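All of these numbers come straight from a predicted model, not from anything done at the bench.
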Amino acid sequence: MLNVRKIIVTSALIYANGEVHLGHVTSTYLPADIFVRFCRLNGDQVIHVSATDDFGTPISIEANKKGVKPEDFVAFWNKKDREDFADLGISFDIFDRTSSEENRKLTQHFFKKLDENGYIYEQDVLQPFCENCDRFLPDRYIKGTCPFDDCGATEQYSDSCEVCGRPIEPGAIKAPHCAICGSKPITRSSKHYFFKLSEFSNPLKNWLKQNQNLQLDVKNYVLNWIDEGLRDWDITRDLSWGIPVPSIDDKAKVLYVWFNNHLGYISTAQKLFAEKGDEDGRKTWNASAIFHFIGKDIVYHHYLYLPAMRMGVDEYKLPDYIPTRGYFTLQGRKFSKSREWYISVRDFLTKFPADYLRFYLAIITPYSQADVNFDWQDFENRINNELIANVGNFVHRVLTFTWSQYKGQVPESASLCDVDKELKEELVNVVKEAATEINQIELSKGLRRILAFSAFCNKYFQTKAPWKNRETRNTTLYLCVNAVRSLAILLEPYIPFSAQKIWQQLNLKDNVSEQTWDSAQELKVPEGHKIVKPETLFERVQDAEKQ
RNA sequence: AGCGGGGUGGGGUAGCCAGGUUUAACCCGUUGGGCUCAUAACCCAGAGAUCAGUAGUUCAAAUCUACUCCCCGCUACCA
């Protein structure tokens, strides 16, 4: 292990105004976590970074409505999100917030640098203004009637209609009124800062073309976007909840959330490095492979704004990978909180173990922008047939056999027959092949490969029939117990809680997460080792379809 | 509308980017058999698909190209 890989993995920041739901988990947090856990087993120097995205109009409005300070509002969600992630086994090395001191500083630093380098300019824009509230009304501070004749829904935000789902052009909304007090806004001029995104068209194009790690479909999508012509980007808002624009004295003007939130990846990683005594976080950042896991709803921000800003400042390297996954649907219908068609992590965990969710989502989520459908019947089938009947069954039959026939002591191995040797070869193959898939972020394929190994083990056990072949059963069980240990390691990235349970039933030292991936191809459980009394690993799922 | 993704045995999917190594794979369901260590779990054998349609490229296409039909998603000043 001379060349230890240095890896920084970030999960897209969750907006601090609501609970973690299955959509977030599917596209971002679970894939990132599986990958990170694998890297840890693999001996890489890896950190998993995320944070809550604390600023912006919606938070400002909601805090206002509830009569609490935005600071307290986001602190509440930060705590709640942490708990949800922890219970799901999402293992962050640091989970911070974009409103941290570190991120404020870095954001202002970026603004100043971009300004110095000539990428920022001022321009007056006409903004809706509420005279009653004495404030400008950005984004979602305006509500009105959907302008499409066939819809006409009332009380819609001015940017898009929740009822018909169509985006609304600025200024097109009918009967506009202030979302706070309801009065009719007037138009007033306001000075805004713009980032010259348009100047980065060519550098962005070159970077996209030259980076071989980006998904082809996403890359083409973004390249098309660039060809249509990039517009400069308004990076300020007339709002008090945010990071102030440095060097101006207007407290009611802050930097746009999308200007600062992705800088949270860097500031948070640096904070962690500093805590570990590494004061030159920039150097470490630039020496690492950078992975930003995201959902396809934020492709623009991560493939255009983020790299352009880093290019403009030229201090922090660009991402190497931006694993992007698709939209989440529930029973074939679009996931939507406002239409009450969604499942939160918290709700799910009151009904089923975290590993069931991890397993199911991991196996149905491809490495592409294709949408992922959560179906309760399918969930039940896969858990019962692919997790329990395959993995659970193999582990359980081996351990209970060892317990009842050998009083829990792993028997001694004799010479290996061809079938035994085949099992040993399969062990080496699965360790290598699953690692290849996971390294390519093909997490679903990696899991399928491991399941194929488990199925192979069941077949092996059946073929060897240790319950009647007394002369070979010692060797059979010796190999099978070792295969169980290997499965625990291989499955740890996917189902860490269950993997640890298997580890404990095997009565092995330390935690399964502290093992090395490659050790899974070895037969490390010694002859004569004593296991503990096995217990059922998984409960079958019955009638998953409710809610 | 533009762009992107998809249409594979009864259901759900993989394979397609790097065409032949596939007699098209996997899970469910289904037919018959076996086993009884194991959570009605496990194993074996079988039935069932001209890979949406049409036309091409090629010695060879589910895989590449063009067009057509259907489904879904995205569209920057919305996190």
What nucleotide among [options] has an atom nearest to a side-chain atom of [X]?
X        : options                : value
A:Leu230 : B:rA76, B:rC77, B:rC37 : B:rA76
A:Lys445 : B:rC77, B:rC43, B:rG15 : B:rG15
A:Asp378 : B:rG12, B:rA41, B:rU39 : B:rG12

Assign [X] to base, sugar-phosphate, or nothing according to its heavy-atom contacts below 4.0 angstrom with the strands shown.
X        : value
A:Phe55  : nothing
A:Phe401 : sugar-phosphate
A:Leu537 : base
A:Thr536 : base

Below 4.0 angstrom from OP1 or OP2 of B:rC42, is there any side-chain N or O of A:Lys459?
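Answer is no, no contact under 4.0 Å.
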Would you say a side-chain N or O of A:Tyr300 is under 4.0 Å from OP1 or OP2 of B:rU75?
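Indeed not, no polar side-chain atom of A:Tyr300 lies that close.
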Span that lies between the [atom1] atom of [M] and that of [N], in whole angstrom:
N      : M      : atom1 : value
B:rG32 : B:rA47 : P     : 15 Å
B:rA40 : B:rU54 : P     : 48 Å
B:rC64 : B:rC51 : P     : 15 Å
B:rU8  : B:rC44 : C1'   : 27 Å
B:rU57 : B:rC67 : C1'   : 15 Å
B:rA61 : B:rG56 : P     : 13 Å
B:rA52 : B:rC69 : C1'   : 8 Å
B:rG9  : B:rG5  : C1'   : 24 Å

Who does [N] pair with, Watson-Crick or G-U, both distances under 3.5 Å?
N      : answer
B:rU54 : B:rA66
B:rC16 : none
B:rG10 : B:rC28
B:rU21 : none

Would you say A:Lys196's side chain and A:Ile120's backbone share a donor-acceptor pair under 3.5 angstrom?
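Side chain of A:Lys196 to backbone of A:Ile120: no pair is present.
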Go through it in stages, so that I can follow the logic: the residues are A:Lys464 and A:Asp420, the test is salt bridge (charged side-chain N to carboxylate O under 4.0 Å, His left out), and I'd like the CA-CA distance, side-chain angles, deciding distance and then a yes or no.
CA-CA 9 Å; A:Lys464 298 294 288 184; A:Asp420 298 331; 3.5 Å; yes
What nitrogen or oxygen pairs link the protein and nucleotides 3-5 of chain B at under 3.5 Å?
from, atom 1, to, atom 2, distance (Å)
B:rC3, O3', A:Asn224, ND2, 3.3

Please tell me whether [X] and [Y] form a close aromatic pair, meaning their ring centres lie under 6.0 Å apart.
X        : Y        : value
A:Phe194 : A:Trp233 : no
A:His302 : A:Tyr265 : yes
A:Tyr29  : A:Phe293 : no

Passing candidate, ring-ring contact (aromatic ring centres under 6.0 Å, His included) with A:Phe195, options A:Tyr256, A:Phe111, A:Tyr121, A:Phe200:
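Option passing the ring-ring contact (aromatic ring centres under 6.0 Å, His included) with A:Phe195: A:Phe200.
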Atom-to-atom span, [atom1] of [X] to [atom2] of [N] - whole angstrom:
X        : N      : atom1 : atom2 : result
A:Leu447 : B:rU13 : CG    : P     : 17 Å
A:His302 : B:rU75 : NE2   : P     : 15 Å
A:Phe538 : B:rA41 : CZ    : P     : 16 Å
A:Phe394 : B:rA38 : CZ    : C1'   : 11 Å
A:His396 : B:rC37 : NE2   : C1'   : 11 Å
A:Glu535 : B:rA38 : CD    : C1'   : 16 Å
A:Phe379 : B:rU13 : CZ    : P     : 17 Å
A:Asn393 : B:rC43 : CG    : P     : 8 Å

Of the non-hydrogen atoms in A:Gly326 and A:Ser27, which two are nearest, and what is the gap between them?
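Answer, listing the atom of A:Gly326 first, then A:Ser27: O-CB, 4.0 Å.
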Heavy atoms under 4.0 Å is the rule here; annotate nucleotides 21-36 of chain B 5' to 3' with B where the base is hit, S where only the sugar-phosphate is, and - elsewhere.
------SS-----BSS
Assign each of A:Tyr305 and A:Gly56 to its nearest nucleotide of RNA chain B by heavy atoms, then name whichever residue's nucleotide is nearer the 5' end.
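Nearer the 5' end of the strand: A:Tyr305.
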On RNA chain B, check which nucleotide each of A:Val257 and A:Trp233 is closest to and give me the residue with the more 5' one.
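So the residue in question is A:Trp233.
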Distance to the ring centre below 6.0 angstrom and angle to the axis at most 45 degrees; does that hold for A:Arg473 and A:Tyr406?
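Yes, a cation-pi geometry.
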Before giving the answer on side-chain hydrogen bond (donor to acceptor under 3.5 Å, both in side chains), spell out for A:Thr98 and A:Asn103 the whole-Å C-alpha distance, their side-chain angles and the decisive distance to 0.1 Å.
CA-CA 6 Å; A:Thr98 58; A:Asn103 197 49; 4.8 Å; no
So that I can tick it off, tell me whether A:Glu437 and A:Arg449 are bridged by a salt bridge, with the cut-off set at under 4.0 angstrom between side-chain N and carboxylate O.
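No, A:Arg449 and A:Glu437 are not salt-bridged.
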Nearest 0.5 Å please: distance from the CZ atom of A:Phe379 over to the CG atom of A:Leu361.
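That separation rounds to 8.5 Å.
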Does A:Glu122 have any salt bridge (charged side-chain N to carboxylate O under 4.0 Å, His left out) partners at least two apart in sequence or in another chain, and if so, which?
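Counting only residues at least two positions away or on another chain, A:Glu122 forms a salt bridge (charged side-chain N to carboxylate O under 4.0 Å, His left out) with A:Lys191.
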